[in-house]
Participant: 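Sharing a structure, written as structure tokens. Questions coming.
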Amino acid sequence: REYPTGKLTTRGDVDLIASQIYTATGVTYTFDLPANGSIFRARHQAADFAGIRPEYSVFSAAGTLIVNADHILQQGVLKAPFGEIQLNGRSDVILDGGSRTSVSGEAQTVLFGSVSGDGAWLYPIDAGQPQLIDAPKEKSINVASPSIDHREGAQVDISGGGELLAYQFVPGRGGSR
């Protein structure tokens with residue numbers, strides 16, 4: 001069984017405003033803007049009432065975020081910890097100053113599945129039908145476009161850091177580990 005997917009296809013533009021935009025665990029999510037002149041823009045939210053811009057830890061893993069549009073303007077925070085980000089601009093991609101595009105685990109420990117009695121690493125996609133994990137997904141950020149403008153102060157982070165953790169239930173005295 002494949003991991004879950006999601007998709008938003010629209011003939012209009014998409015303008016996302018959030019403290020950070022990220023995938024759920026194991027999910028591939030695609031923003032598909034097929035119209036000529038389409039614009040996908042990710043922006044960091046304005047400060048809250050106390051003047052604080054929260055960027056919380058993301059405890060998801062192995063997701064994929066795909067954006068397909070004529071123009072991609074990345075001015076916010078896009079994350080897919082331990083996963084993949086694809087920005088496919090048919091005309092241009094702008095990574096604006098202050099933006100952050102990251103697949104880093106950022107020193108977080110993320111619960112990702114369980115270990116069976118025989119030592120196999122499993123991730124539960126459907127109840128009773130876990131997905132066998134041979135190895136964690138390779139982290140990557142792919143930016144493809146005829147014109148890519150990586151402006152000063154834009155961060156693209158494919159660094160390491162963080163751990164994926166699986167649990168194992170052991171019946172009897174001693175419990176789980």
Side-chain angles (χ1 to χ4, degrees), residues 1-8 14 16 18-33 40-45 53-69 72-90 92-116 119-126 130-168:
R1 173 122 159 82
E2 295 293 317
Y3 286 104
T5 62
K7 186 173 187 178
L8 172 68
V14 171
L16 298 177
S19 63
Q20 54 190 352
I21 299 159
Y22 57 90
T23 60
T25 295
V27 172
T28 296
Y29 198 86
T30 303
F31 291 95
D32 194 17
L33 288 66
F40 176 91
R41 185 162 106 172
R43 294 190 284 162
H44 199 279
Q45 79 177 20
R53 291 185 180 167
E55 186 180 317
Y56 301 102
S57 298
V58 175
F59 293 100
S60 69
T64 300
L65 179 62
I66 302 168
V67 178
N68 302 313
I72 298 173
L73 179 54
Q74 172 23 354
Q75 296 177 308
V77 178
L78 296 179
K79 293 182 179 179
F82 306 99
E84 181 181 359
I85 296 175
Q86 298 176 24
L87 301 177
N88 305 308
R90 290 183 295 275
D92 56 23
V93 174
I94 298 171
L95 303 173
D96 210 3
S99 69
R100 186 152 182 258
T101 307
S102 175
V103 293
S104 172
E106 299 177 335
Q108 301 299 317
T109 299
V110 178
L111 184 60
F112 188 71
S114 63
V115 178
S116 68
W121 189 6
L122 306 171
Y123 185 75
I125 294 176
D126 285 331
Q131 174 82 31
L132 178 65
I133 301 169
D134 295 324
K137 179 185 271 193
E138 185 175 333
K139 296 183 300 183
S140 67
I141 296 175
N142 300 299
V143 180
S145 181
S147 173
I148 299 171
D149 185 359
H150 185 194
R151 296 183 177 166
E152 185 176 338
Q155 297 178 15
V156 177
D157 185 1
I158 58 170
S159 67
E163 295 183 77
L164 295 177
L165 180 70
Y167 70 91
Q168 180 179 18

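Since this is a predicted model, take the numbers as computed values, not measurements.
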Participant: Report the residues that fulfil side-chain hydrogen bond (donor to acceptor under 3.5 Å, both in side chains) with D32, sequence neighbours left out, ordered by chain and then residue number.
Facilitator: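 With sequence neighbours excluded, D32 shows a side-chain hydrogen bond (donor to acceptor under 3.5 Å, both in side chains) to no residue whatsoever.
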
Participant: Going through the checks in order, is the side chain to side chain contact (heavy atoms under 4.5 Å, CB included) test met by V143 and T101?
Facilitator: CA-CA 11 Å; V143 180; T101 307; over 6 Å; no

Participant: Quick one: ring-ring contact (aromatic ring centres under 6.0 Å, His included) partners of F112, sequence neighbours excluded?
Facilitator: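 Listed in chain order: W121, Y123.
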
Participant: Search all heavy atoms of I72 against all heavy atoms of L87 and return the closest pair with its distance.
Facilitator: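 Nearest pair, atom of I72 first, then L87: CD1-C, 3.9 Å.
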
Participant: Going by the rule ring-ring contact (aromatic ring centres under 6.0 Å, His included), which residues pair with F82 if we only count those two or more places apart in sequence or in a different chain?
Facilitator: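 ring-ring contact (aromatic ring centres under 6.0 Å, His included) list for F82, sorted by chain: empty.
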
Participant: Not counting sequence neighbours, which residues clear side chain to side chain contact (heavy atoms under 4.5 Å, CB included) with V156? List them please.
Facilitator: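 Checked V156 against side chain to side chain contact (heavy atoms under 4.5 Å, CB included); matches are L95, I141, H150.
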
Participant: What is the distance from atom CG of D92 to atom CG of L73, rounded to the nearest 0.5 Å?
Facilitator: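 It is 8.5 Å, given to the nearest 0.5 Å.
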
Participant: What's the spacing between I158 CD1 and I85 CD1 if we round to 0.5 Å?
Facilitator: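 Separation between the atoms: 11.0 Å.
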
Participant: Who pairs with D157 by salt bridge (charged side-chain N to carboxylate O under 4.0 Å, His left out), at least two apart in sequence or on another chain?
Facilitator: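 Listed in chain order: R100.
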
Participant: Could I get the full list of side-chain hydrogen bond (donor to acceptor under 3.5 Å, both in side chains) partners for S60, not counting sequence neighbours?
Facilitator: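 For S60 there are no side-chain hydrogen bond (donor to acceptor under 3.5 Å, both in side chains) partners, ignoring immediate neighbours.
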
Participant: Which residues pass the side chain to side chain contact (heavy atoms under 4.5 Å, CB included) test with L16, sequence neighbours left out?
Facilitator: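 So L16 forms a side chain to side chain contact (heavy atoms under 4.5 Å, CB included) with V14, I21, F31, F40.
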
Participant: Could you tell me which residues satisfy side chain to side chain contact (heavy atoms under 4.5 Å, CB included) with D134, sequence neighbours excluded, listed by chain and number?
Facilitator: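 Counting only residues at least two positions away or on another chain, D134 forms a side chain to side chain contact (heavy atoms under 4.5 Å, CB included) with L132.
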
Participant: With sequence neighbours excluded, what pairs up with R90 under the side chain to side chain contact (heavy atoms under 4.5 Å, CB included) test?
Facilitator: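 Expected list: S38, N68, D70.
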
Participant: Please examine the side chains of T5 and T30, heavy atoms only from C-beta on, and report whether any two atoms are closer than 4.5 Å.
Facilitator: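 Contact flag for T30/T5 side chains = no.
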
Participant: List the residues meeting side-chain hydrogen bond (donor to acceptor under 3.5 Å, both in side chains) with T28, not counting sequence neighbours, and say none if there are none.
Facilitator: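 Result, side-chain hydrogen bond (donor to acceptor under 3.5 Å, both in side chains) vs T28: none returned.
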
Participant: So how far is it from Q74 CD to Q155 CD, rounded to the nearest 0.5 Å?
Facilitator: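 The distance works out to 10.5 Å.
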
Participant: Using side-chain hydrogen bond (donor to acceptor under 3.5 Å, both in side chains) as the criterion, list what pairs up with S102, not counting sequence neighbours.
Facilitator: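 Scan of S102 (side-chain hydrogen bond (donor to acceptor under 3.5 Å, both in side chains), adjacent residues dropped) gives none.
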
Participant: Quick one: CD on E106 to OG on S159, what's the gap to the nearest 0.5 Å?
Facilitator: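 One finds 7.5 Å between CD of E106 and OG of S159.
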
Participant: Tell me, which pairs form a salt bridge (charged side-chain N to carboxylate O under 4.0 Å, His left out) where one or both residues lie in residues 138-148, sequence neighbours left out?
Facilitator: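 Output for this query is empty, none listed.
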
